[in-house]
Amino acid sequence: MSTRKNLSARSPWVEVATTADDWAALDPDLLLQMFARTLWVRSFEEYVLELAAEGLVHGPAHSSIGQEGGAIGSILPLRSDDHVNGSHRGHHQFLAKAFGHVIEPKSGVLPEITADVRTVLRRTLAEICGLADGYCRGRGGSMHLQWSEAGAMGTNAIVGGGVPQAAGFAWNMARSGTDAVSVTYFGDGAVNIGSVLETFNLAAAWRLPICFFIENNQYAVSTPLAKSTAETRLSGRGLGFNIPSWRVDGMDTLAVHTAMTEAVEHMRAGKGPTIVEADLYRFFHQNGPYPGSAFGYRDKAEEALWRKRDPLVQLREHAVARGLVTQEEADAAVAEISAVMREIGDGFFEPVTGGKPRERRVIPSLWPDVDFVDVGIRGDLSELDGSRYEEADTFSGELGERRFIDVVSDVMARRMETDDRIVVLGEDVDGLKGGTNGATRKPLALFPDRVLGTPISENAFAGLGGGMALDGRFRPVVEFMYADFMWVAADQIFNQVAKARHMFGGHNSVPFVLRSKLAAGTGYGSQHSMDPAGVLTSAPGLRVVAPSNPFDYVGLMNTALACDDPVVVLEHVDLYGSSGIGPVDDLDYRLPVGKAAVRRQGDDLTVISYLSMVGHCIEALDRVPEVSADLIDLRWLDRASLDWDTITASVRKTNRVLIVEQGAVGTSYGGWLADEIQRRLFDWLDAPIERVHGAEASPSISKVLERAAIAKTEEVVTALRTLVS
C-alpha cells in the first residue's frame, strides 16, 4: 500500500498583525512621520481627482486613496540608495520614496512641508498634468513617474512590466557590494502574469535582494480576486519558489512597517528575495473620481466597511491619543497641505476666457514645447566621441583569415577585459563550453562569474538586463538563442527597454545590448527561423546592427558596447562557421554609427542588403556579370542610423534599386526601406524598386519546403536576370 507524507515549504509564510501594545510602543517620531506623509499623499491624490473631474488631467488618474498605508509603511524602512518601481497606480509609492529622500526628520514635531517637499509635490503634479516641469518633462503623466536620484526608478503602465527590471536593480546592488535593496510594487492582477512568476524564480535562484510587494486591493478593474485565482492569499505564491513571505493588513500602516522591516533585514543580510502581501482597498474606481459602486461591481456596504479602516484616520487617532498632536494641530496640518496643493495648482491653471464659471485650462507656457516630441528617443552618441574608427581597407593592424564565431567570442572577451561592467546573460551561455554555438567560449573561460546562465524565461532575464541598464552600474549583454524568442519577451524589448529613455523624459541612458541569432536554413522550423529586422526596426529607441563579416562584427560590437542606447546585434548562423578577413590581435577599433559599406561598385543598379545575404549577393553578381551594380551592405538598419548619404549617392548614379533579404515577406525589413527610398528619392528612380525576400510562410522543417521559404543566391540571380531582360 502506498504511503503519504505531509510536506512543508522550505521558507516561512507568516501573517503579521499589530496589537494595542504595539501602537503604544511605537516610536513617537515614527508615528508622526507616518501620519504626516500619509496625509500629504492623501491630500495630493484628492486634489488630483478634483483636477480629473475638471478635465484638467489628460489621460487616466489612477488614485491610490485608501492604499497609502501600504506605501508609507513599506517605504519608511528604506534608504535613498534603495530602489523602488511600481505600476500604473503608483503616485503614493513615488511620493513616499521622494519624501524619504528630501525629508530630514526632526524629533518631537510634526514634519514640515519644506521647500523640498513642495518641490516634490509640484513636480509630481506637473508630471501628472503633462507639463514641462514634471519629473519626466510631461511625457510620463500619471503612469510613468521616475526620479532616479531618489531611488524611484519608474512606474509602469504594463501590468507587471516593471517587475523584471527591479530584479536587475537588485542584481546590480548585490554585485556592487552594497546592502541596498530593490522593491517592486504590483497588484493582485500582476501576480498571475508570466513575467512576474518568472522573476520570482530567477530572483530566488540567484538570491537577489528584491522585495515583491503585492498590493492586494481585491479587484482588478472590476473583476473580484476570487474570480481570478483559486488561492486569494497571494503571498502563498512565494512558497513554490522558496521565497520567505509575509501577509499583512495593508490598512494598518504599522503592521506593514513591521513586516517590511523584517523583510528588509532579511534582504540586507544577503539571504535573497522576499514577498510582502498587503491586503488593502482602493476607495475609488480603477480610474477617476468615482467609487467602484458607481459602476456596479462593488456595493456601498462593502466600501463603507473598508472606509472604517482608513489608514489615515487610524494614524491620526493614534497620534492624538498619544498626545503627539492635538485635534486642532491635526486639523491645521490638513488645512496646510490642502492650501499648498491649491497654491501649486493655481500656478498651473488660468480661467478660460469666455468659458463657463470656474472653468480653467493649463497656462499655455507650461506645456512642453511641441518640438520636444521626438527628443530623447535615443541619445546623441556623444559617448562615442574620441572613438578610433577603422575600415578593413585602411586598417592599421594585422588582418588574417578569421572564423566568424571566433571573433564573436574574442571581441566579447576583450571588452569584458577592458570594462568590468559588461555582463553576459542568457540561456546556456555558461555551458556547452561557450553556449550553443561557442559565442561565449572565451568570456566563459576568462570571466565565468560574469557569464550568467539563466532559466528559460526570456521575459524575466531580458527585463532584468533592462533594469541593470537603467540602473547604470553594469552593461548587460543579453543573448536570445533564437530571434523568434523576442516574441516571448516582447513587452520587455519593445515596451520597456526601447521606450524607457524617451518615456521618462530623455534623461536615462539604456546601455543594453541584445545578441540574437537568425537560423533560417538550419532545419529548426517555423518558430526558430525568423529574420526579426523588420519588426525590431519599427521600434523607436532600438538601434539595430547586422554584421556580414568578421571585421565588421568586431567594430560593430565594440560600438554597440560603448553606446548608451539599446542596440540589437543580429547574427546569422550561416556566418558562424564561415571565415573571412578579420583582425588578428587588434580588437579595440569601432565602426561608426550610421555608416554603410559599399562592397561592389557599378552603374546599372543599386543592390541593398545585410547579414548573410550580402555574401549571396556577391555570389549572384559574379554569376550575372552583365549587371554592373553597387552593392551596399547596410550594417546599421534602424531608422536613425541608416546611411542615407551612401544610399542616395548610389541611387542618383544608378537610378534603379534591388533590396535583398532572406526572411518572410510578412516581417520584411525591405518593405519599409522601399517605401522610404521611394518617398525620399522618387525623382531619381527610373523604375519601381525591386525586392528579393522569402515566402509568405515561415520556414518549415522539411528541407525542400524550408529552402522554398527563404531567399539565397539563386533568388538574387533570378532577380538580376529579370532586371537585365
Quiz prompt | Derivation of the ring pair (Phe, Tyr, Trp, His ring centres under 6.0 Å) call for His507 and Tyr135 | solution = CA-CA 10 Å; His507 306 299; Tyr135 281 102; 9.3 Å; no

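With hydrogens and angles left out, the side-chain atoms of Arg403 and Ser579 include no donor and acceptor closer than 3.5 Å. Checking Gln496 against Asp491 by side-chain atom types alone, a donor-acceptor pair falls below 3.5 Å. Checking Asp471 against Gln165 by side-chain atom types alone, no donor-acceptor pair falls below 3.5 Å.
Electrostatic pairing of Asp419 and Arg421 counts as a salt bridge here, judged by a charged N lying under 4.0 Å from a carboxylate O. Note on Arg656 versus Glu690: no salt bridge recorded, every NZ/NE/NH1/NH2 to OD/OE distance being 4.0 Å or above. The existence of a salt bridge linking Asp586 and Arg388 is confirmed by a sub-4.0 Å separation between a basic side-chain nitrogen and an acidic carboxylate oxygen. Between Arg402 and Asp410 a salt bridge is recorded (basic side-chain N to carboxylate O distance below 4.0 Å). Between Arg707 and Glu715 there is a salt bridge, since at least one side-chain N of the basic residue sits less than 4.0 Å from a carboxylate O of the acidic one. Using a cutoff of 4.0 Å between basic side-chain nitrogens and carboxylate oxygens, Glu676 and Arg679 are scored as salt-bridged. A salt bridge does not link Lys595 with Asp645: none of the charged nitrogens is closer than 4.0 Å to a carboxylate oxygen. Salt-bridge annotation for Asp683 and Arg652: absent, with no side-chain N of the basic residue lying under 4.0 Å from a carboxylate O of the acidic one. Of the charged side-chain nitrogens involved, none lies within less than 4.0 Å of a carboxylate oxygen, so that Asp393 and Arg599 do not count as a salt-bridged pair. A salt bridge does not link Arg600 with Asp630: every distance from a Lys NZ or Arg NE/NH1/NH2 to an Asp or Glu carboxylate oxygen is 4.0 Å or more. Under a 4.0 Å N-O distance rule, the pair Arg543/Asp565 qualifies as a salt bridge.
By the side chain to side chain contact (heavy atoms under 4.5 Å, CB included) test, Thr522 pairs with Ala519, Tyr524, Val573, sequence neighbours left out.
You'll find the ring centres of Tyr589 and Tyr389 outside the 6.0 Å limit.
Note that the CD atom of Glu427 and the CD atom of Glu479 stand 8.5 Å from one another [nearest 0.5 Å].
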